[in-house]
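To keep things clear, I will list the structure first and then write my remarks on it.
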There are 2 protein chains.
Amino acid sequence: MSRPMVIQPVAVSFSQRRFNAAAILRLAWDVPALTASDAMSETGLTRSTVIALCDDLVDSGWLAELADARTAGEAYRKGRPAKRYALRGDAGVVVGVDAGPHRITATVADLFGRELGHAVEHVPTDAIETANRVSLTDGVVDAALAAAGVSAARVLCISLGVPAPTDQNGASPEGENSFWRLMNPGFAQHFAARGWATVVENDANLAAVAEGSIGAGAGAPSYITLLSGERFGAGYVVNGQLIRGTRGGAGEMRLLNLVENVGSADGIGLLLRDWVRSAKDSGALPAGSALNNVSLNNLDAPAVFQSADAGDPFAVQLIVRMADRLARICAVLAGLLDVDRIVIAGAVAEAADLLLERTRARLAEVTHTPAPEIVASPLGSGVVSAGAVRRALSYTRDHALDLVLDDTME
Amino acid sequence: MSRPMVIQPVAVSFSQRRFNAAAILRLAWDVPALTASDAMSETGLTRSTVIALCDDLVDSGWLAELADARTAGEAYRKGRPAKRYALRGDAGVVVGVDAGPHRITATVADLFGRELGHAVEHVPTDAIETANRVSLTDGVVDAALAAAGVSAARVLCISLGVPAPTDQNGASPEGENSFWRLMNPGFAQHFAARGWATVVENDANLAAVAEGSIGAGAGAPSYITLLSGERFGAGYVVNGQLIRGTRGGAGEMRLLNLVENVGSADGIGLLLRDWVRSAKDSGALPAGSALNNVSLNNLDAPAVFQSADAGDPFAVQLIVRMADRLARICAVLAGLLDVDRIVIAGAVAEAADLLLERTRARLAEVTHTPAPEIVASPLGSGVVSAGAVRRALSYTRDHALDLVLDDTME
DNA sequence: TTGACTAAATATAGTTGCAAAATAAACTCG
DNA sequence: CGAGTTTATTTTGCAACTATATTTAGTCAA
């Protein structure tokens with residue numbers, strides 16, 4: 001039990017004033033208006049110090065001093081009216097990007113998270129492997145900035161969601177078939193070179209971030225977001241913290257082939273399409289089913305959901321089969337990490353009422369102990385974009401004083 | 001996307017001097033001797049400040065000033081010899097307790113982690129549910145203190161490992177059969193009332209802590225410790241951090257009943273005993289097997305390991321069956337959490353060479369991607385005790401300046 | 001209108017905790 | 001013994017905060 005000879009690094013050297021200023025800025029971030037008294041009770045500093053720090057933050061462009069002392073419908077208060085400070089939503093902008101395999105979306109938002117502009121680009125199916133994703137994404141980002149009417153100099157942080165595990169530098173490992181590198185061809189380096197703080201993160205993890213702040217995970221200390229499209233990906237949040245894994249591979253779900261009656265990480269979209277098409281091919285699709293009227297091109301998950309909702313027995317049968325599978329996945333994940341809520345996110349979440357209902361019923365049979373709650377994401381197909389914006393905002397919030405505001409048009 | 005009205009707490013109010021003193025104490029904790037120059041480069045403070053802080057720490061009893069400036073066999077250095085400070089191992093003691101179902105162990109150690117005293121108490125099988133575990137444990141702790149020749153006033157922190165999930169206050173939830181409450185009947189409150197900093201933690205989590213600091217997990221950023229006895233329990237460490245779950249239930253492994261060919265969280269000890277006994281009962285035990293010569297009372301996991309090592313084919317067959325089960329568990333856990341090492345801990349780890357060898361082979365077949373490394377714990381049946389001591393030490397290290405040293409016999 | 005009361009802002013005077021710089025001490029080596 | 005090197009000590013000054021007193025801006029009741 002001898003002690004090692006290594007001296008561990010300790011973060012000590014910091015400017016106290018800067019530290020306190022950052023704390024006050026974080027307070028202002030979460031509140032529509034901040035008074036000196038609020039900040040005093042939160043930080044333990046005295047009034048003189050707080051006001052001096054707030055004045056500094058006003059000078060540097062992060063805070064605005066609100067004139068309307070008591071006008072803002074607040075409960076009546078005695079005494080001299082307090083100065084009120086607020087975060088300047090227009091101090092800068094952030095960019096959130098969903099860099100999916102066949103669709104790249106960029107959203108520009110102000111510091112309140114309000115969307116200012118938006119741009120989308122589709123990647124043709126036959127170009128998924130060959131497209132130059134870096135320049136493509138660069139273009140979409142510039143288009144979104146143009147739509148927002150904001151110059152690139154005002155961008156404080158950009159966050160990108162990619163369908164690949166990412167390490168702490170935002171790089172993705174060389175996967176089995178190099179798909180991961182294809183999906184994340186050095187985004188981190190490229191956008192950092194544009195002078196922006198850059199966060200590249202797995203798409204399911206960003207979905208989890210979105211659910212936690214504005215979606216179905218809000219208020220829960222621990223939850224899992226299951227992002228389903230062509231493949232399943234999971235984002236774990238345990239006690240308010242995102243679990244990423246050594247190489248960012250937590251939630252990659254390669255293990256599903258060991259779970260009974262699951263056998264792969266294929267997502268809801270892919271499986272339902274496969275099942276219904278192979279049923280048609282093999283003649284297993286009953287003659288009376290409404291799915292016979294759907295063209296082969298549109299014979300996919302949305303069609304199945306729609307027919308099931310309309311009561312088509314064969315479609316319902318497929319949904320039930322999927323519910324069993326989903327329930328097993330949920331049981332494994334919830335049991336492993338002791339979470340009490342699982343959020344189903346992605347485009348399927350918009351039409352999956354029946355599926356979730358059946359999944360909950362199946363889950364109650366599969367688990368003994370209190371089954372986790374299964375909820376649909378309210379964010380639909382924009383969940384990764386929303387998560388990217390939230391992630392960029394939280395990065396900006398945490399590193400605000402390290403960032404330089406563009407004062408030309410603030 | 002409106003901002004919530006809640007002001008989040010921010011930890012700001014602290015004494016800068018105290019903060020810096022704590023940082024220097026942490027440096028001294030990890031190193032046999034600390035010079036002012038070391039601390040200067042690590043903290044960014046100047047020599048005058050560092051020396052003033054060190055003198056404070058010497059006055060308060062945490063550090064000792066070493067006289068032997070250059071005698072300690074260090075490489076030759078020019079100039080005036082530096083003062084050298086070191087943590088006082090005798091500034092206080094910590095207590096680590098393994099409060100298992102049928103055995104309660106207490107270990108007293110100094111701040112270097114050197115064992116000073118030890119005491120054990122067995123809980124008779126028929127008293128497991130009725131014993132007053134709090135007073136029993138209290139007695140074992142006092143016996144260990146007496147064996148160490150230390151007064152209770154010198155205890156800085158006590159950590160207890162219990163076979164139950166624990167929340168952040170050290171309490172366990174009311175489980176299915178109240179077994180958890182039985183195993184953790186308010187330890188946290190009881191020992192806090194003795195004036196000691198108290199940490200109650202799940203036993204598998206403590207095993208993980210032990211492996212991380214002095215066992216097979218040392219140096220790995222992410223690993224899982226699989227504590228196997230009657231039941232499996234897992235401790236997850238991902239990126240250096242213990243994952244506890246909302247109610248401390250991460251690692252309870254209820255999920256195993258969904259994994260193909262596993263079906264329960266029963267541990268290696270329980271299963272091997274069941275398998276070999278039911279083989280004997282049903283006549284499946286071959287006449288030539290050495291296991292026929294073992295009395296029914298001793299027909300358990302150690303006997304199977306021993307016979308298998310001696311080459312008994314039936315025992316080897318049981319080991320292979322267990323290896324398949326273990327490999328599946330490891331594959332699921334490693335796949336879900338992206339860890340690259342799994343440590344098998346507990347009493348079985350001492351004799352499980354053959355089992356692990358077979359498990360590794362099976363694991364390579366079950367997973368495609370780089371299989372996680374499977375290693376045996378070097379800590380044997382003392383792993384939970386060792387983890388409890390390490391946990392108490394790390395708590396003491398992190399909260400040193402909040403603790404009061406007993407100056408009567410320091 | 002006036003004065004009592006309240007709560008915040010402002011001004012002024014310490015206090016703490018650190019850095020910077022100059023000086024002194026302890027040691028090695030030629 | 002003195003030049004060179006490294007650390008310790010002392011002095012001085014500054015940055016950042018606290019504490020306290022005073023002023024300001026409002027409400028409310030008589």
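Per chain, numbering begins at 1; letters A, B, ... match sequence-line order. Computed over heavy atoms, backbone and side chain alike; hydrogens, waters and symmetry mates excluded.
- Protein atom CZ of A:Arg84 is 17 Å distant from nucleotide atom P of C:dA7, rounded to whole Å.
- Rounded to an integer number of Å, the gap from A:Leu45 CG to C:dT16 P is 17 Å.
- As rounded to whole Å, 17 Å separates atom P of D:dA15 from atom CZ of A:Arg18.
- Salt-bridge check for A:Arg244 with A:Asp167: failed, with every basic side-chain N at 4.0 Å or more from each acidic carboxylate O.
- C:dA24 atom P lies 18 Å from atom CZ of B:Arg47, rounded to whole Å.
- Using a distance-only test at 3.5 Å, with no hydrogens or angles considered, a donor-acceptor pair links the side chain of B:Asp110 to the main chain of B:Phe112.
- Side-chain nitrogen and oxygen atoms of B:Lys83 include at least one within less than 4.0 Å of the OP1 or OP2 phosphate oxygen of D:dT9.
- In this structure, the CE atom of B:Met40 is 8 Å from the P atom of D:dT7, given to the nearest Å.
- Here C:dA9 presents its C1' atom at 11 Å from CD of A:Glu65, a figure rounded to the nearest Å.
- Here the nucleotide nearest the side chain of B:Ile51, chosen from D:dC17, D:dA8, D:dA25, is D:dA8.
- Salt bridge absent: B:Arg114 and B:Asp90 never bring a charged side-chain N and a carboxylate O closer than 4.0 Å.
- Ion pairing between B:Asp398 and B:Arg26 fails under the 4.0 Å rule for side-chain N and carboxylate O.
- Phosphate proximity of C:dG17 to B:Asn20: absent, as no side-chain N or O sits under 4.0 Å from OP1 or OP2.
- Taking only side-chain nitrogens and oxygens, A:Arg17 never comes nearer than 4.0 Å to OP1 or OP2 of D:dA15.
- Other residues, nucleotides and ligands contribute more than 12 heavy atoms inside 6.0 Å of the CD atom of A:Glu65.
- Checking the phosphate oxygens (OP1, OP2) of C:dA19, a side-chain nitrogen or oxygen of B:Thr46 falls inside 4.0 Å.
- For A:Arg80, no side-chain nitrogen or oxygen approaches OP1 or OP2 of D:dT24 to under 4.0 Å.
- Counting non-hydrogen atoms under 4.0 angstrom, A:Ala36 reaches the backbone sugars and phosphates but no base.
- To the nearest angstrom, P of D:dA15 lies 15 Å from CG of A:Leu53.
- Between A:Ser37 and C:dA7 there is no side-chain N or O to OP1 or OP2 distance below 4.0 Å.
- The distance between atom CG of A:Asp38 and atom P of C:dA9, rounded to the nearest whole Å, is 11 Å.
- The phosphate of D:dT18 has neither OP1 nor OP2 within less than 4.0 Å of any side-chain N or O from A:Ser48.
- Dashed line: the shortest gap from a side-chain N or O of B:Lys78 to OP1 or OP2 of C:dG30 is not under 4.0 Å.
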